[in-house]
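All chains are named by letter (A, B, ...) in the order of the sequence lines, taking the proteins before the strands, and each is independently numbered beginning at 1.
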Amino acid sequence: MWAGLIIHDQGCYLHSDDKATRQMTKTLTALGLESSCDDTAAAVVRLDADGPSILSSVVEGQTDLHALYGGVVPEIAARAHTEKLDYCIELALQNADMTLTDLDAIAVTAGPGLIGGVLSGVMCAKGLSAATGLPLIGVNHLAGHALTPRLTDQLQYPYLMLLVSGGHCQFLIVRSATDYTRLGGTIDDAPGEAFDKTARLLGLPQPGGPSVEQEALKGDPKRFAFPRPLLDRDGCDMSFSGLKTAVLRARDAVIAEHQGLPTKDRADLCAGFQAAVTDVLVEKTRRALRIYLDEKPDHPALAVAGGVAANQTIRTGLLHLTEQLNTRFVAPPLALCTDNAAMIAYAGAELFQLGHSDDLTLSARPRWPLDQSSAPMLGFGKKGAKA
Amino acid sequence: MAEQLLYIPLPNEDATRKLAHIISSSIAVGDTILLQGDIGAGKTFFARALIKALIGPDEDVPSPTFTLVQIYQTETFEIWHCDLYRLTSPDEALELGLEEVFAEAVCLIEWPDRLGDAVPKECLTLRFQALDNGQHEVNVTASTPRWQRLLEQLSESQTTTNS
């Protein structure tokens with residue numbers, strides 16, 4: 001594919017540990033690779049004096065960009081990732097009108113995620129790095145999501161992040177590309193998953209986010225008094241699993257009464273469920289914002305990345321909250337909130353500017369908490385990283 | 001060997017935790033527990049209780065629905081908590097590396113029907129159901145002598161509770 005490849009001139013700042021040299025460099029162009037879950041992706045991102053720009057971003061395996069609440073048939077096979085990576089890289093470079101020799105660094109998701117997929121990406125990036133001499137940077141997938149508001153809106157540190165992409169849901173204070181404080185998160189289901197499962201329970205199509213939202217428009221949010229889990233408890237932790245069970249019970253009661261689920265009742269169930277999720281998210285965000293604003297940030301901002309930011313009821317609730325608290329509200333475009341490689345290229349570029357790079361011993365880490373100091377993180381096991 | 005079946009009512013969350021606690025004391029490397037039942041039947045709640053019983057009460061156990069697999073580490077073995085709902089064929093399950101893991105780890109598998117013929121033969125099966133009154137129940141099936149001893153133990157604990 002890359003016959004006639006010219007080994008990159010290592011004479012400038014590549015492989016140099018001189019941070020000052022890197023920071024003085026006018027532009028930094030990074031290739032990013034992402035293959036930690038369902039999708040395979042490659043992208044080219046450039047940092048220069050005007051800020052970051054996405055030169056190209058290719059995502060394969062994502063049948064519908066609006067499938068933001070999960071519920072996508074997974075492409076988990078490592079082999080599929082490996083095959084698609086080649087194609088994605090080729091296309092990303094072509095779309096950016098570049099060859100490998102125009103790049104300054106190669107960034108790759110090194111975890112957390114499904115081991116087969118992560119390994120495919122890491123092996124591919126190592127191969128490219130070894131062949132070209134370009135620096136290799138292993139990026140935490142969650143850091144990619146958490147830094148996206150800097151890529152899209154050039155937010156200044158520190159900002160509060162509500163990260164609700166895919167299976168994740170957590171509050172992070174983002175202080176730098178390497179410094180995150182986790183304030184709390186879901187202890188069971190992510191809200192997107194709760195939307196998906198509610199859709200399943202009510203016979204609505206997947207992805208559940210948009211279909212439940214649409215039904216909720218026609219319903220009465222006050223008819224069913226669904227629980228607001230963990231609102232009675234201090235802190236920023238959330239729980240959405242019990243809400244799903246409450247919807248199930250209410251549905252069964254309706255079915256028992258009517259020998260079926262009338263559309264009006266279904267709309268009321270959707271509206272009641274959505275109201276409960278909104279209340280929990282808004283109240284927990286209020287608490288997280290209070291903690292964050294206590295630190296008196298220079299440019300207070302809340303960034304919401306993920307499908308829930310697309311839900312108008314939730315979005316309006318969060319918007320009002322930030323207006324009350326004189327905080328900027330940022331929601332990056334949805335295509336950059338689902339898994340993509342532009343966020344990995346950007347995070348890698350920022351890390352590289354800070355002097356970070358990895359050698360060919362870089363390994364895949366199925367578990368990799370962003371905030372190493374906080375309470376156990378979602379799904380990474382208490383005993384720490386395996387790799 | 002004939003299968004043995006035990007019905008256990010789960011009137012509240014503590015009953016599920018107690019069941020998980022008893023099962024956790026019999027768990028060994030290579031064990032696979034299949035968790036059947038519809039959405040909201042109590043599969044993930046039980047898995048969460050079992051993982052906490054094996055590792056500790058502070059362990060966060062998020063739903064594996066989106067990630068397909070969440071891996072935990074005890075002192076001596078890994079626990080794979082899988083939700084195969086999103087899979088469409090047994091081939092995909094095998095791509096997750098489950099076949100090797102069945103022998104090397106402890107596997108808790110939700111929606112095991114997605115495995116087809118690849119389901120390990122010597123597993124413990126728990127079939128959960130949500131009842132109209134908000135309570136749950138579970139039917140436990142054991143097909144090996146060791147699991148059948150566990151069933152007897154569970155049966156005894158039921159008698160103790162009810163007396």
- Message: If I compare all heavy atoms of B:S63 with all of A:D189, which pair ends up nearest, and what's the gap?
- Response: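 Closest approach of B:S63 to A:D189, heavy atoms only: CB-OD1, 3.0 Å.
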- Closest contact, heavy atoms only, A:L201 versus B:I39: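 The pair with the smallest heavy-atom distance is CD2-CG2, 3.1 Å.
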Check this for me: [X], atom [atom1], are more than 12 non-hydrogen atoms of other residues, nucleotides or ligands nearer than 6.0 Å?
| X | atom1 | answer |
| --- | --- | --- |
| B:Q135 | CD | yes |
| B:D14 | CG | yes |
| B:E122 | CD | no |
| B:R127 | CZ | no |

- Query: Between B:G40, B:P64, B:G42, which has the largest tally of heavy atom pairs under 4.5 Å with chain A?
  - Reply: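 That would be B:G40.
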- Looking at B:T65, B:N133, B:L131, which has the largest count of heavy-atom pairs under 4.5 Å with chain A?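 Sorted descending by pairs with chain A, the first entry is B:T65.
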- Check whether B:F45 gets within reach of chain A through its side chain, its backbone, both or neither, counting any heavy atom under 4.5 Å.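 Looking at B:F45, nothing touches chain A.
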- Point-to-point distance, once rounded to the nearest 0.5 Å, from NE2 of B:H136 to OG1 of A:T245: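 If I round to the nearest 0.5 Å, the distance is 6.0 Å.
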- Between atom OG1 of B:T44 and atom CG of A:D188, what is the distance when rounded to the nearest 0.5 Å?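 These two atoms lie 9.0 Å from each other.
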- Message: Run the side-chain hydrogen bond (donor to acceptor under 3.5 Å, both in side chains) test against B:E13 and tell me which residues pass, sequence neighbours left out.
- Response: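 Residues passing side-chain hydrogen bond (donor to acceptor under 3.5 Å, both in side chains) with B:E13: B:R17.
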- Inter-chain contacts: residues 21-38 of chain B against chain A, heavy atoms under 4.5 Å: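 No residue falls under the 4.5 Å cut-off.
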- Message: For A:K244, which atoms come within 4.5 Å of any heavy atom of chain B: side chain, backbone, both, or neither?
- Response: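 A:K244 touches chain B through side-chain heavy atoms alone.
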